[in-house]
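Take a look at the structure set out below.
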Amino acid sequence: MESLLNLPVAGGGRIRILQITDTHLFSGKNETLLGINTWESYQAVLAAILADGRQCDLIVATGDLAQDHSAEAYQHFAEGIARIAAPCVWLPGNHDFQPAMYGSLQDAGISPSKLVYVGDSWQILLLDSQVFGVPHGELSEYQLEWLERKLAAAPERHTLLLLHHHPVPAGCSWLDQHSLRNAQELDNVLVKFPQVKTLLCGHIHQELDLDWNGRRMLATPSTCVQFKPHCSNFTLDTIEPGWRWLELHDDGEVTTEVCRLQGAVFNPDTASEGY
Ligand SMILES: Nc1ncnc2c1ncn2[C@@H]1O[C@@H]2COP(=O)(O)O[C@H]2[C@H]1O
């Protein structure tokens, strides 16, 4: 049976969601990606979120949680996210190893649900755009059919759609070759369902808020390494790691804000030419 997460809405009629993405954790907590210790930057992000003290109803983790396919990396992710008292749902990115991801997160009590009903007026759908072994994304026929079924089954619900890969060019040609390759097929489904007005991605390690055929496509900084916007070749940014808050309102409106760590604590190796 498919697992459905039912999230009640408390007084006030709005739901506050925290997006954490692209943690790129390793089995060893001392390991680094492009000069940044990804466990430490993840911990710093979580500490800043806790210090901020905002209400959090749901955490969404939008892929590339591990860099090295290890079960330990996912256990580290779970250990960190347990610091925040809210349920968490996740989807895979191109770097993830789903057998270890599914098993370790499930063992840690993190729901594998890809369908979240939020009160009576919203749903959140989480897609798998991973093509194992390559950086670009694609939605399988199964994913597209599943999406269409879920949208048809709840036409009255505003829908927030989550996937790792960006369906619209981000403006960095080196990254746009790794985008969602069959975005047109996704568009062919979504055009029938006007209740999908917002898509939320990871993957591109930068903040974006773009129009995609009348929908809003949001992307969010990684908790570790940042990519510099509008570059044709691989370029790291020295801007700090970040996360995103979203508020889903009863009338279908989404308000959102990206936050970042303060102070230049995590300095990437800007001379590096890729990974
Ligand atoms: N120099 C590079 N040129 C093009 N792609 C790269 C380069 N370095 C890394 N990548 C890939 O681009 C991807 C973008 O984000 P990911 O973390 O998914 O993983 C990255 C790599 O698979």
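Computed from a predicted model, the values in this text were never measured in an experiment. Atoms within each ligand, like the ligands themselves, are counted from 1 in listed order.
Ligand 1 has no N or O atom lying under 3.5 Å from any N or O atom of Gln177, backbone or side chain. Residue His95 has at least one nitrogen or oxygen atom sitting less than 3.5 Å from a nitrogen or oxygen atom of ligand 1, judged on distance alone.
Counting protein heavy atoms only, atom 7 (C) of ligand 1 is closest to Phe234 CD1, 3.8 Å. With hydrogens left out, the protein atom closest to atom 3 (N) of ligand 1 is Trp174 CE3, 4.0 Å, a heavy atom. Nearest protein heavy-atom neighbour of atom 18 (O) of ligand 1: Asn94 ND2, 2.7 Å. Among protein heavy atoms, atom 14 (C) of ligand 1 sits closest to Leu175 CD2, 3.7 Å. For atom 16 (P) of ligand 1, the closest heavy atom belonging to the protein is Tyr275 OH, 3.1 Å.
Glu207 CD to Gln226 CD: the interatomic distance, rounded to the nearest 0.5 Å, is 10.5 Å. To the nearest 0.5 Å, the span separating CG on Leu105 from CH2 on Trp90 amounts to 6.0 Å.
Taking a cut-off of under 4.0 Å to the non-hydrogen atoms of His24, the atoms of ligand 1 that pass are 17 (O). Close contacts between ligand 1 and Gly274 involve ligand atoms 1 (N), 8 (N) [criterion: under 4.0 Å to a heavy atom]. Within ligand 1, the atoms closer than 4.0 Å to a non-hydrogen atom of His203 are 15 (O), 18 (O), numbered from 1 in the order shown. Shown in contact with Pro135 at under 4.0 Å from a heavy atom are these atoms of ligand 1, numbered in order with element: 22 (O).
The side-chain heavy atoms of Leu144 and Asn188, taken from C-beta on, include no pair separated by under 4.5 Å. The shortest side-chain heavy-atom distance between Leu127 and Trp146 falls under the 4.5 Å cut-off.
Val131 forms part of a hydrophobic cluster together with Val134, judged by ILVMFWY side-chain heavy-atom separations under 4.5 Å.
Under a 3.5 Å cut-off, the side chain of Asn182 and the backbone N or O of Leu139 do form a donor-acceptor pair.
In the candidate list His164, His178, His205, His178 is nearest to atom 5 (N) of ligand 1, counting heavy atoms.
Relative ring orientation between His69 and Phe97 is described as parallel, the plane-to-plane angle staying below 30° on a 0-90° scale split at 30° and 60°.
Between His95 and Asp22, the side chains place no donor N or O within less than 3.5 Å of an acceptor N or O (distance only, hydrogens not considered). Donor-acceptor pairing under 3.5 Å is lacking for the side chains of Gln143 and Ser129.
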In residues 262-275, what donor-acceptor pairs under 3.5 Å come from side-chain atoms, sequence neighbours left out?
unit_1 : atom_1 : unit_2 : atom_2 : d
Gln262 : NE2    : Arg260 : O      : 3.3
Asp269 : OD1    : Ala271 : N      : 3.2

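The proximity of Glu273 to ligand 1, defined as any non-hydrogen pair under 4.0 Å, is limited to the backbone. The residue Asp22 has no part lying near ligand 1, judged by heavy-atom distances below 4.0 Å. At a 4.0 Å heavy-atom cut-off, ligand 1 touches Asp64 through the side chain alone.
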